Amino acid sequence: MSAATFTPMTPPFAPGAYGPDAQIMKDIDGLNWRLADYLKRGGYDGLKKILAENVPPEKIIAEMKTSALRGRGGAGFPAGLKWSFMPKGYTGQKYLVCNSDEGEPGTFKDRDILRYNPHSVIEGMAIAAYAMGITVGYNYIHGEIWDTYERFEEALDEARAAGYLGDRIQGSDFSFQLHAFHGYGAYICGEETALLESMEGKKGQPRFKPPFPASFGLYGKPTTINNTETFAAVPWIINHGGEAYLRLGKPNNGGTKIFSVSGDVERPGNYEVNMGTPFAKLLEMAGGMRGGRKLKGCIPGGSSMPVVPGDIMMECDMDYDSIAKAGSMLGSGAVIIMDDTRCMVKSLLRLAYFYYEESCGQCTPCREGTGWLYRVINRIEHGEGRNEDLDLLNSLADNIQGRTICALGDAAAMPVRAFIKHYRDEFQHHIDHKRCLVPVYV
Amino acid sequence: MLSPEALKKIDREVAKFPPDQKQSAVMAALAVAQDEKGWLPTETMDFVAAYLGMAPIAVYEVASFYAMYNLKPVGRHKLTVCTNLPCALSGGTHAAAHLQNRLGIGFNETTADGRFTLKEGECMGACGDAPVLLVDNKRMCSWMSNDKLDKLLDDLK
C-alpha cells in the first residue's frame with residue numbers, strides 16, 4: 001500500500017468526510033455520536049412529530065413506499081412494501097429486528113453508522129415499530145465489532161433516559177423496548193432467518209421460506225427485519241417526505257447510498273452518494289486508483305456479486321437498476337476495486353475459500369459444492385489445473401445455485417461464473433502454462 | 001463455576017428476552033464465560049446449560065458453530081487477522097505473514113511461551129481499515145503496518 005498518500009480516516013473528520021451528498025452521515029465528524037449531538041442535528045424530530053400528531057401508521061408506510069427506499073443489506077427489497085406485509089389486526093407479540101451482522105466481504109458501512117450515528121438507527125427503528133405496531137425490537141450486531149456494540153448499548157441508555165425508548169415514549173401511548181444483541185462470528189447470520197435462529201440461541205442455520213418472517217419470525221411471531229442503513233434512512237424520509245427522498249436518487253432507486261470502497265484505491269472508505277451517481281465519480285471520491293494504475297475489475301456489491309470488467313464499470317452508474325444492466329448487483333454497496341496487477345485466479349480462490357469456510361453445512365449442494373469449488377480453483381492457482389476444470393467449475397456453480405435453502409449457495413456460485421466469463425484467458429493461462437499471467441500479486 | 005460479576009453480566013443479557021426464552025442469551029453467556037476462563041471447557045458449557053435451562057448438547061452446538069468461541073485453550077492473547085480479498089488487496093496477507101514470521105507459528109498455533117495464538121479471520125466488516133486484526137475477540141486494530149504490528153506484539157504481555 002502506498003503509505004505516502006494514504007491517511008487513515010480517524011476522528012475528528014473534516015466536514016463532508018462522507019461526501020457532499022451525505023444525508024445519513026451529514027455533519028458526522030466521528031466524535032459527535034451522542035444524543036445531544038444528534039438532537040442538535042434535528043434528531044428525533046421525526047419521531048416526536050409522529051407521536052405529537054398521532055400520524056396514522058398507514059400514512060408512514062405509504063410515505064416509505066413513495067420514497068423507493070430499497071433494503072440496504074443486499075437484496076434491495078422495497079422497505080415500505082416489506083413493512084406492509086406485517087399482519088394487520090394481529091394482537092399478539094410482534095418483533096422488529098435490525099440486521100447489523102455486517103460480514104459480506106467488502107462491506108463496512110453499518111459499523112460506521114452504528115459507531116458514529118447510532119441514534120439515527122434507534123430513531124428509524126422506533127418509527128418503524130410505530131408504523132407496524134411493534135413493541136419490542138433487537139439490533140443484531142456483528143461479533144467482531146465489540147466496541148461498536150458497546151457504543152450502541154450506550155446510545156440505547158441515552159435514548160431510554162431521555163424518553164425516546166421505553167414505556168409511553170414522549171408521553172404518548174406508544175411503547176417500544178429496544179435491545180442490542182451481539183453475534184459471535186458467523187457470516188451466515190447475515191441471512192435473516194439464520195439471524196433469527198441465532199437470536200433464539202441456536203446454530204445460525206437458515207430456515208426454509210415460506211413462511212416468511214412477517215408471518216413466522218422470531219419465536220414464531222410476526223417479525224420485520226431490515227438492515228442498519230435502511231433504518232438510518234427512515235428519519236430523513238419522515239422529516240422531508242418520501243417524494244423528496246425519491247428525488248435524491250432515481251425512479252425505483254430512491255435516496256442516498258453509502259458505498260464501502262475497498263481494494264486498490266488511494267482512500268478506501270465509506271462514501272455516501274445519491275443513487276445513480278456515476279461509478280467514475282465514486283472512484284474519484286475514493287482518491288482514484290492507487291498509484292494511478294488501471295482498473296482491471298470491480299465487484300460492485302460485495303463479494304457475492306458478479307465481478308464487472310473495468311471498462312464496463314467505468315460506464316456504469318451506482319444504482320440497483322444500472323448495475324443490474326451491467327450484469328451484476330448493487331448488493332450491500334461494497335465496491336471492491338482490483339487493478340491490473342491482480343491475478344483473478346488468486347482473487348477468486350480467496351473468495352471461494354471464504355464461502356467454503358462459511359457454508360453452514362445444512363444443504364448438501366452448498367456444503368459439498370463450496371469445498372469442491374475451492375479445491376478446483378486451488379489446483380488451477382497452483383499449476384495443477386486440468387483442461388476440463390473451467391467447464392467443471394461452471395457445472396458445479398450450476399448445481400449449487402438455486403438448489404439451496406438460502407442465498408449463500410448462489411453467493412458462492414455467482415462470482416465463480418463471472419470471474420471465468422470475464423477472465424477466462426487468465427484461468428486458461430494458469431492451466432496451460434502452470435503459472436500466473438500477471439507478474440506480482442499483493 | 002463462574003464469578004458473581006460474570007453471572008451479573010449474563011443476567012443482564014437474559015433480561016433482554018421474554019422470560020420463557022432464556023436460551024436467547026446463550027451466545028452472550030458463552031462469550032462472558034470465555035472472557036473469564038480463556039476458553040470453553042466442557043464443564044463450563046455444562047454450567048451455562050444448567051444456568052439457562054438448556055440441554056448441554058444445545059450449548060455445544062452453539063459453541064462449535066460460531067467462529068469466535070475457543071473450544072481449545074489459546075495463548076494469553078488471540079490474534080485474528082483478516083486475509084479475505086478486500087483486506088488482501090490492502091496488505092492483509094502481508095500482515096499475516098509478518099505475524100507468522102515474528103511469532104514463528106502458523107495459523108491455529110500457539111507460541112511456545114503461551115503468549116500468542118494466531119488465527120486467520122474472515123470478514124470483520126472493517127475492510128476500509130485493512131490490514132485489520134482483532135485482539136482477544138474485542139479490540140480491533142486498524143491499518144496495521146509492520147511497525148504497528150511489532151509495537152502491538154511488544155505491548156501485549
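Here the structure is a predicted model, which means the values were calculated and not measured. Residue numbers begin at 1 in each chain, while the letters A, B, ... track the order of the sequences. When reading the values below, keep in mind they use all heavy atoms of this one structure, side chains included, and skip hydrogens, waters and symmetry mates.
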Fill in: Any B/Y66 side-chain heavy atom under 4.5 Å of A/C189 side chain
yes
Worksheet item: So what's closer than 4.5 Å to chain B heavy atoms on A/C360: side chain, backbone, both or neither?
Response: both
Practice prompt. Without swapping roles, check the side chain of A/Y184 against the backbone of B/A63 for a donor-acceptor pair under 3.5 Å.
Written response: no
Worksheet, complete the sentence: So, the part of A/L349 with a heavy atom under 4.5 Å from chain B: the answer is neither
Worksheet entry | Rounded distance [0.5 Å steps], NE2 in A/H179 versus CZ in B/R12 | 13.5 Å
Worksheet, complete the sentence: One should read off an interatomic distance between A/K346 NZ and B/T93 OG1, to the nearest 0.5 angstrom, of 7.0 Å
Worksheet item: Under a 4.5 Å heavy-atom cutoff, which of B/V62, B/T83, B/L134 has the most pairs with chain A?
Response: B/T83
Worksheet item: Can you tell if the side chain of A/W146 reaches within under 4.5 Å of the side chain of B/D136, non-hydrogen atoms only?
Response: no
Worksheet item: Is the number of heavy atoms from other residues, nucleotides or ligands within 6.0 Å of NZ (B/K9) greater than 12?
Response: no
Item to complete: To the nearest 0.5 angstrom, please state how far the CD atom of B/E13 sits from the CZ atom of A/F181.
Response: 8.5 Å
Worksheet item: Which atoms form the tightest heavy-atom contact between A/I336 and B/P86, and what is the distance?
Response: CD1-CG, 3.8 Å
Practice prompt. Select one option (side chain, backbone, both, neither) describing which atoms of A/E153 are under 4.5 Å from chain B's heavy atoms.
Written response: side chain
Worksheet entry | Residues which pass side-chain contact (heavy atoms from CB on, under 4.5 Å) with A/S100, listed by chain and number, not counting sequence neighbours | A/C98, A/L114, A/N139, A/I141, A/T228
Practice prompt. Go through A/G269, A/A186, A/G204 and name the one with the most non-hydrogen pairs under 4.5 angstrom from chain B.
Written response: A/G204
Worksheet item: Sub-3.5 Å donor-acceptor pair from the side chain of A/Y138 to the main-chain atoms of B/K16, do we have one?
Response: yes
Discussion item. Does anything in residues 113-123 of chain B reach chain A? List residues with heavy atoms under 4.5 Å apart, or say none.
Written reply: B/E120, B/G121, B/E122, B/C123
Practice prompt. Look at B/Q21, B/R139, B/K22 and state which one has the largest set of heavy-atom pairs under 4.5 Å with chain A.
Written response: B/Q21
Worksheet entry | Check: B/F17 ring centre within less than 6.0 Å of A/Y219 ring centre | no
Worksheet entry | Part of A/E357 within contact of chain B (heavy atom distance under 4.5 Å) | side chain
Practice prompt. Report the residues that fulfil ring-ring contact (aromatic ring centres under 6.0 Å, His included) with A/F176, sequence neighbours left out, ordered by chain and then residue number.
Written response: none
Discussion item. Has B/S24 got a side-chain atom pairing as donor or acceptor with A/M199's backbone, closer than 3.5 angstrom?
Written reply: yes
Worksheet, complete the sentence: When rounded to the nearest 0.5 Å, the distance separating CD1 of A/I145 from NZ of B/K138 is 14.0 Å
Worksheet, complete the sentence: Rounded to the nearest 0.5 angstrom, the CG-CZ distance for B/L89 and A/R350 is 11.0 Å
Worksheet item: Which of residues 104-111 of chain A have a heavy atom under 4.5 Å from any heavy atom of chain B?
Response: A/E104, A/P105, A/G106, A/T107, A/F108, A/R111
